[in-house]
Amino acid sequence: MAKKRKRQYWLFKSEPTAYSIDDLVKDKSTHWDGVRNYQVRNMLRDDVQVGDRVFFYHSNAKPMAIVGTAKVVEPGYADHTAFDSKDKHYDPKSDPDNPTWFMVDVEIIQKFETPVTRDDLKLDDVALGMAVMQKGSRLSITPVAEEEWKTIHKLAGAKDPR
DNA sequence: GCCAACGTTGGC
DNA sequence: GCCAACGTTGGC
């Protein structure tokens, strides 16, 4: 039997005006579409796997915060919004037979009762080390260490369900 | 292949 | 609203 890959952790950014944690609570699961950055594309295509855990982060928001968690339920596949000329993220250069852009599906685990705000994150040494906290960090998806995953659950006063 | 101009992201 | 930090584009 093949050796089981260890679960990995990620942080996905979204502007709540575009898609918020409440939208995910309502939808239960969603396509994480619209990524148009090659570094992030590579992660969605190659690295993000079913069962991986995801922090949902609100960017450009009041407050900016980690607002909940989700899990990956479908690995990277073609982002069909790139093929739709009416879509905001339409990219005529992406060929359906050899797509440029990828997305994954995620499903809600929990919305934190107490979001962990960016200001909170600054006050914790472990949280402060997260990729999303580094100056100039613009990637909409970044890897998260297991220690960071646990620390943020503590800061949220939340359980980390299996 | 270089790099200046331009556009976008996203914190402050 | 400002602007730093990038990523992308296109002329050369």
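Letters A, B, ... mirror the listed sequences (proteins, then strands); counts begin at 1.
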| salt bridge (charged side-chain N to carboxylate O under 4.0 Å, His left out): pairs with one or both residues in residues 122-148 of chain A, sequence neighbours excluded | A:Lys6-A:Glu146, A:Asp119-A:Lys122, A:Glu146-A:Lys150
| Whether A:His80 and A:His31 hold their rings parallel, tilted or perpendicular, with breakpoints at 30° and 60° | perpendicular
| Which of parallel (below 30°), tilted (30 to 60°) and perpendicular (above 60°) describes A:His58 and A:Phe56? | perpendicular
Donor-acceptor pairs under 3.5 angstrom involving side-chain atoms of residues 107-115 of chain A: please list them, not counting sequence neighbours.
from	atom 1	to	atom 2	distance (Å)
A:Gln110	NE2	A:Lys159	O	2.7
A:Lys111	NZ	A:Asp22	OD1	2.8

| query | Just how far, in rounded Å, is P of C:dA5 from CG of A:Asn37? | reply | 18 Å
| said: Using a 4.0 Å heavy-atom cut-off, does A:Lys62 contact any base of the nucleic acid, only the sugar-phosphate backbone, or nothing at all? | reply: nothing
| field | Side-chain N or O of A:Tyr57 closer than 4.0 Å to phosphate OP1/OP2 of B:dG11 | value | yes
| field | Whole angstrom value for the distance that separates P of C:dC2 from CG of A:Asn60 | value | 16 Å
| Residues from residues 128-142 of chain A lying under 4.0 Å of DNA chain C - heavy atoms | A:Lys135, A:Gly136, A:Arg138
| field | Summary of ring-ring contact (aromatic ring centres under 6.0 Å, His included) pairs that have at least one residue in residues 116-138 of chain A, sequence neighbours excluded | value | none
| said: Output the rounded distance in Å from CG (A:Asp91) to C1' (C:dG7). | reply: 14 Å
| message | Without decimals, in angstroms, what is the distance between A:Leu121 CG and B:dC12 P? | response | 11 Å
| Set of residues satisfying ring-ring contact (aromatic ring centres under 6.0 Å, His included) with respect to A:Tyr19, sequence neighbours excluded | none
| query | Atom OH of A:Tyr38 and atom P of B:dT9: how far apart are they, to the nearest Å? | reply | 15 Å
| Could you give the NZ-to-P distance, from A:Lys122 to B:dG11, as a whole number of Å? | 10 Å
| message | Distance check needed: C:dC6 C1' versus A:Arg36 CZ, whole Å only. | response | 19 Å
| request: Could you please name the option among C:dG7, B:dG10, B:dC12 that lies closest to any side-chain atom of A:Arg118? | output: B:dC12
| To the nearest angstrom, how far is A:Glu15 atom CD from B:dT9 atom P? | 7 Å
| task | Give me the other members of the hydrophobic cluster that A:Val73 sits in, counting Ile, Leu, Val, Met, Phe, Trp and Tyr linked by side-chain heavy atoms under 4.5 Å, directly or via other members. | result | none
